[in-house]
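Inspection log for the structure reproduced underneath, given as structure tokens.
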Number of protein chains: 2
Amino acid sequence: MRISDVIEEFIKDLFDDGSDAIEIQRNELAEHFNCVPSQINYVISTRFKPSQGYYVESRRGGGGHITIKKVNNDKEDYIMHIIKNIGNELTSNEVDILISDFLSYNIIDTKEAKLLKVATSDNVLKLSKDLKDKVRARIFKNMLLNI
Amino acid sequence: MRISDVIEEFIKDLFDDGSDAIEIQRNELAEHFNCVPSQINYVISTRFKPSQGYYVESRRGGGGHITIKKVNNDKEDYIMHIIKNIGNELTSNEVDILISDFLSYNIIDTKEAKLLKVATSDNVLKLSKDLKDKVRARIFKNMLLNI
DNA sequence: TATCTTAAAAGTCAGAGAAAGTCAAAAAAA
DNA sequence: TTTTTTTGACTTTCTCTGACTTTTAAGATA
């Protein structure tokens with residue numbers, strides 16, 4: 001088995017505790033596997049690409065490290081599913097319920113929640129009942145698509 | 001964890017009582033962390049830059065000290081100023097200009113820009129001309145208040 | 001009082017050290 | 001042969017250190 005595969009597996013195992021971000025030190029890892037440090041870069045660039053669901057950050061210098069984050073597209077799938085299930089109209093109450101669901105599932109952060117809420121609130125729209133819920137549905141769905 | 005990060009955190013914790021300016025003594029702090037005094041300068045110059053929302057002043061000589069102020073009210077002031085200058089109506093064109101100004105002054109990030117844009121776009125609002133620009137102004141201003 | 005002196009701060013800057021990144025050539029595998 | 005993996009020399013970025021400089025307050029002296 002090639003060393004790259006072993007390192008790949010080792011890194012993936014670090015996620016086993018359920019965390020969605022892990023941190024490694026390039027030189028330390030290279031020493032552990034008895035390979036040159038740049039081998040770690042190779043593994044990362046071939047096996048932890050965004051298209052494979054990972055996002056990588058790093059810092060050089062003393063105490064430097066490499067952070068690998070798992071990005072899941074569960075989020076996008078969930079949002080698309082919700083959007084499809086919102087009809088042509090949406091009440092302020094329904095918005096509140098959706099937003100609180102999104103927050104508890106960590107689909108959006110509190111800032112996005114505030115923006116969604118304010119952009120679709122009765123006070124801001126100030127429209128007749130029949131127009132209001134239609135406009136609200138359109139704004140809400142389109143904003144969601146951009147989150 | 002690197003010593004610079006520890007010192008950074010220590011200083012930031014000093015703001016926890018809500019004050020927007022804190023005062024430290026360079027030598028004292030260096031002694032506390034068992035590092036050379038210039039390390040404090042390093043931390044300040046890399047972690048407390050104006051671009052990071054801090055403003056630093058100091059005095060030498062007996063009883064000298066370093067004062068760190070939290071600023072970044074610039075952003076809020078600017079936003080408030082803009083909001084006050086937006087009337088009751090706002091065209092799609094005006095939105096585009098404002099958003100591109102905000103972006104170039106780093107008042108908002110690209111995600112916020114997209115949300116502002118989509119929530120106020122003609123296609124989404126789909127209202128008669130007289131209503132549209134009024135609703136757009138309200139949505140835009142209220143969203144800005146929450147950025 | 002006015003000035004001079006000294007000590008107590010903070011500031012600067014360049015060099016050393018500690019990481020990670022790059023890239024192309026060699027080697028191995030498909 | 002073509003593609004993937006491995007290697008290592010060189011680069012870049014970030015952190016830490018210490019010698020030296022500058023500024024200022026406070027005390028000493030005329």
Side-chain angles (χ1 to χ4, degrees), chain A residues 1-15 17 19-71, chain B residues 1-15 19-72 106 109:
Chain A
M1 198 184 200
R2 46 170 95 81
I3 187 70
S4 286
D5 293 337
V6 178
I7 296 171
E8 174 189 2
E9 208 168 305
F10 178 88
I11 294 175
K12 286 186 171 161
D13 284 349
L14 296 178
F15 285 100
D17 61 0
S19 52
D20 48 26
I22 59 103
E23 205 173 281
I24 58 175
Q25 293 217 276
R26 193 182 75 147
N27 290 346
E28 191 184 81
L29 203 56
E31 194 156 3
H32 183 256
F33 289 108
N34 220 42
C35 63
V36 294
S38 57
Q39 178 93 46
I40 308 299
N41 297 81
Y42 177 71
V43 172
I44 286 172
S45 63
T46 56
R47 275 101 161 152
F48 293 88
K49 288 185 282 215
S51 61
Q52 290 154 320
Y54 294 91
Y55 175 64
V56 180
E57 282 176 334
S58 68
R59 272 189 91 153
R60 308 186 185 188
H65 55 83
I66 299 172
T67 305
I68 303 178
K69 291 178 184 163
K70 229 184 203 157
V71 291
Chain B
M1 200 185 196
R2 43 171 96 82
I3 187 71
S4 288
D5 292 339
V6 177
I7 296 171
E8 174 189 3
E9 209 168 303
F10 178 87
I11 294 176
K12 286 186 171 161
D13 283 349
L14 295 178
F15 285 100
S19 51
D20 49 25
I22 59 102
E23 206 173 281
I24 57 174
Q25 293 218 277
R26 193 182 76 146
N27 291 345
E28 190 184 82
L29 202 57
E31 194 155 2
H32 183 256
F33 288 109
N34 219 42
C35 64
V36 295
S38 57
Q39 178 93 45
I40 308 299
N41 297 81
Y42 176 71
V43 172
I44 287 173
S45 64
T46 55
R47 274 101 161 149
F48 293 88
K49 290 185 280 217
S51 62
Q52 290 155 320
Y54 295 91
Y55 175 64
V56 180
E57 282 176 334
S58 68
R59 285 195 81 139
R60 309 185 186 189
H65 55 84
I66 299 172
T67 305
I68 303 178
K69 291 179 185 164
K70 235 184 199 155
V71 281
N72 239 9
N106 287 315
D109 61 36

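A, B, ... follow the sequence lines: proteins, then strands. Residue 1 opens every chain.
- If you check every strand for non-hydrogen atoms under 4.0 Å, A:I40 touches nothing.
- Residues that satisfy the side chain to side chain donor-acceptor pair (under 3.5 Å) test with A:Q39, not counting sequence neighbours, are A:S4.
- With sequence neighbours left out, B:D13 forms a side chain to side chain donor-acceptor pair (under 3.5 Å) with no residue at all.
- When heavy atoms are screened at a 4.0 angstrom cut-off, A:G64 is found touching the sugar-phosphate backbone but no base atom.
- Atom C1' of nucleotide C:dG17 and atom CD1 of B:I3 are separated by 16 Å, given to the nearest angstrom.
- Minimum heavy-atom separation, A:A30 to A:P37: CB-CA, 3.6 Å.
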Identify every side-chain donor-acceptor pair in residues 47-61 of chain A under 3.5 Å, counting partners at least two apart or on other chains, and give the distances.
{"from": "A:R47", "atom 1": "NE", "to": "A:E8", "atom 2": "OE1", "distance (Å)": "3.1"}
{"from": "A:R47", "atom 1": "NH2", "to": "A:D5", "atom 2": "OD1", "distance (Å)": "2.5"}
{"from": "A:Q52", "atom 1": "OE1", "to": "A:K49", "atom 2": "N", "distance (Å)": "2.9"}
{"from": "A:Q52", "atom 1": "NE2", "to": "A:T46", "atom 2": "O", "distance (Å)": "3.3"}
{"from": "A:E57", "atom 1": "OE1", "to": "A:K69", "atom 2": "NZ", "distance (Å)": "3.4"}

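- Distance CD (B:E31) to P (C:dA10): 12 Å, rounded to an integer number of Å.
- At the phosphate of C:dA10, OP1 or OP2 sits under 4.0 Å from a side-chain N or O atom of B:N27.
- Extent of DNA chain D lying under 4.0 Å from chain A heavy atoms, first and last nucleotide in 5' to 3' order, is D:dT4 to D:dT15.
- Partners of B:F33 under the ring-ring contact (aromatic ring centres under 6.0 Å, His included) rule, at least two apart in sequence or in another chain, are B:F10.
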Worksheet entry | Under 4.0 Å protein heavy-atom contacts per nucleotide of nucleotides 21-30 of chain C, with B for base, S for backbone only and - for none | BB-------S
Item to complete: Determine, step by step, whether A:I24 and A:T67 satisfy the side chain to side chain contact (heavy atoms under 4.5 Å, CB included) criterion, reporting the C-alpha distance in whole Å, the side-chain angles of both residues, the deciding distance to 0.1 Å, and the verdict.
Response: CA-CA 6 Å; A:I24 58 175; A:T67 305; over 6 Å; no
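- Listed by chain and number, the residues in a side chain to side chain donor-acceptor pair (under 3.5 Å) with B:H32 amount to none (sequence neighbours excluded).
- Listed by first and then second residue, the salt bridge (Lys or Arg N to Asp or Glu O under 4.0 Å) pairs involving residues 26-46 of chain A amount to none (not counting sequence neighbours).
- The CD-P distance, from B:E28 to C:dA8, rounds to 15 Å in whole Å.
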